[in-house]
Q: 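Take this structure first; my questions come after.
No hydrogens, no waters, no symmetry mates; every other heavy atom, side chains included, goes into these values. Just so you know, residue 1 is the first one in the sequence shown, and it goes up from there.
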Amino acid sequence: MTTTIGWDIGGAHVKAARVEAGRLVAVTQRACAPHLGLAHLEAPIRDTLAELGPADRHRITMTAELSDAFADRTQGVVSVAAIAAREIAAGEIVFYAGARGFVARAEVARAARAIASANWRASAELVAQHCAEALLIDMGSTTTDLVPIRKGAVAALGETDAERLAQGELAYAGFSRGAPQAYASRAPVDGRWTLLVNESFASMADVRRVLGDLPEGDSRADLSPTADGRPKTVAAASARLSRLVGEDRLSDAQARAFADYLARAQRRVIEDQIALLDSRNAFSPAAPVVGAGVGRDLVARLVMAQGRAYRDFADFLDAPAALAAAAGDCAPAASIALLRLEP
């Protein structure tokens, strides 16, 4: 029985999925913070391996090279690859280089541009193996990927982050991380337009928690610390959001209305990207939107409000419902373990 672990090593999370004899059996994720020192990346990889156990082969994709721990992406790719190889040690280790497929450790430096932030393509390739026409929208904690699929193949025009941003295939609009004021410079509060304070007082997790889209405390969708180090409660989230409009405490009704405005402002960013893709006929009008990532419930609401068909990434996985749902949160890790590609 061949065992494979798919790794998605990011700048905020290490995610991994274990596949045995072609079937998904485990998924896990941990917070990481390489910008605080590479030990904060090494330890989560080590702990993840201890949880999932040894495997015959390891397939790795990454976005951690974007961390400001590294001078540039190439240095980041080479460094993350070295860390992963050292911590995993046993078993065949290959790295995902997007359309090029998998490459060996010796080729990492030469393939660094293709390896960098290619995790979105792994998920899209898996969807394309099951659904000939689709638009994959993977809303993670930090970003949202929008990947058109035509005739059973990935039809994205961009490969690098810069290209994908320009083509409408990547938006820095994540479910729980990032600044709410990235999507609006002012908001209606108590009957007046109020300019937002451009400080790191709150995150989108506070918006989600006030709106009831996140539970209190840590969850799979929110493992990062809060902006002020205070608890992940609705009351504390409301206080953090209040600081964005220069207040100590908005009323419950005001805080909810403010959070709703910020959530809708972020949603419009994603809607605009869908409209851009639609304008170039990037995906079939009848094609379903496939939702992945920790924010896919919001994606489902958005696309169904537009009258589009929706499918969940978990629908394509042969696994019990709870495990498939966890894999939907970690789509690139699960995908890279399951992909029918030759190393």
Side-chain angles (χ1 to χ4, degrees), residues 1-34 38-65 67 77 79-97 102-105 108 115 118-123 125-126 138 140-141 218-224 292-294 313-314 316-343:
M1 179 180 67
T2 300
T3 57
T4 302
I5 296 179
W7 297 80
D8 183 12
I9 301 176
H13 302 94
V14 171
K15 303 175 183 179
R18 183 179 179 89
V19 169
E20 296 179 354
R23 193 164 189 266
L24 186 71
V25 297
V27 176
T28 188
Q29 66 170 320
R30 284 173 170 78
C32 65
L38 296 184
H40 295 271
L41 184 61
E42 295 162 347
I45 294 174
R46 193 179 312 129
D47 293 343
T48 296
L49 185 62
E51 177 184 350
L52 294 183
D56 299 311
R57 60 188 182 189
H58 299 264
R59 293 172 162 184
I60 298 170
T61 187
M62 67 180 75
T63 58
E65 80 284 346
S67 170
V77 167
S79 298
V80 172
I83 290 169
R86 184 175 66 247
E87 294 299 335
I88 294 169
E92 178 190 44
I93 301 173
V94 293
F95 298 85
Y96 184 61
F102 295 104
V103 301
R105 169 81 188 284
V108 164
I115 292 170
N119 63 345
W120 60 273
R121 191 177 185 102
S123 303
E125 292 282 7
L126 187 72
D138 185 340
S141 60
D218 282 341
S219 69
R220 288 197 316 238
D222 177 32
L223 294 175
S224 298
V294 294
F313 179 84
F316 305 118
L317 303 177
D318 177 18
L323 180 59
D329 291 347
C330 307
S335 298
I336 204 170
L338 290 165
L339 275 178
R340 297 191 296 268
L341 294 176
E342 290 301 320

Q: Decide side-chain contact (heavy atoms from CB on, under 4.5 Å) for Ile93 and Arg105; before the verdict, give the C-alpha distance in whole Å, the side-chain angles of both, and the deciding distance to 0.1 Å.
A: CA-CA 7 Å; Ile93 301 173; Arg105 169 81 188 284; over 6 Å; no
Q: Any side-chain heavy atom of Val94 sitting closer than 4.5 Å to one from Arg57?
A: no
Q: Check whether any side-chain heavy atom of Ile88 lies under 4.5 Å from a side-chain heavy atom of Trp7, and answer yes or no.
A: yes
Q: Show the nearest heavy-atom pair for residues Gly293 and Asp138, with the distance to one decimal.
A: CA-OD1, 3.2 Å
Q: Atom CG in Leu338, atom CD in Glu125: separation rounded to 0.5 Å?
A: 13.5 Å
Q: At what distance, to the nearest 0.5 angstrom, does CZ of Phe102 lie from OG1 of Thr61?
A: 8.5 Å
Q: Any idea which heavy atoms bring Pro34 and Leu41 closest together, and the distance?
A: CB-CB, 4.2 Å
Q: To the nearest 0.5 Å, how far apart are CG in Leu323 and CG in Leu317?
A: 8.0 Å
Q: Working to the nearest 0.5 angstrom, can you tell me the gap between His13 NE2 and Arg30 CZ?
A: 12.0 Å
Q: Search all heavy atoms of Leu24 against all heavy atoms of Ala327 and return the closest pair with its distance.
A: CD2-CB, 3.5 Å
Q: Does some side-chain heavy atom of Ile115 sit less than 4.5 Å from a side-chain heavy atom of Glu65?
A: no
Q: Give me the one residue out of Ile45, Thr63, Ile83 that meets side-chain contact (heavy atoms from CB on, under 4.5 Å) with Ile9.
A: Ile45
Q: Asp47 versus Pro44: any side-chain heavy-atom pair under 4.5 Å?
A: no
Q: Roughly how far, to the nearest 0.5 Å, is the CG atom of Asp318 from the CZ atom of Arg23?
A: 4.5 Å
Q: Let me confirm one number: the CD1-CD1 distance from Ile60 to Ile5, rounded to the nearest 0.5 Å.
A: 10.0 Å
Q: Please report the closest heavy-atom contact between Ala334 and Ala17, naming both atoms and the distance.
A: CA-CB, 3.6 Å
Q: Please report the shortest heavy-atom distance between Ser123 and Ser335, naming the atom on each side.
A: CA-OG, 3.3 Å
Q: Could you pull out the closest heavy-atom pair between Lys15 and Asp329, with the gap in Å?
A: NZ-O, 3.6 Å
Q: Start with the C-alpha distance between Arg59 and Leu339, add both sets of side-chain angles, then the distance that settles side-chain contact (heavy atoms from CB on, under 4.5 Å), and finish with yes or no.
A: CA-CA 10 Å; Arg59 293 172 162 184; Leu339 275 178; 4.2 Å; yes
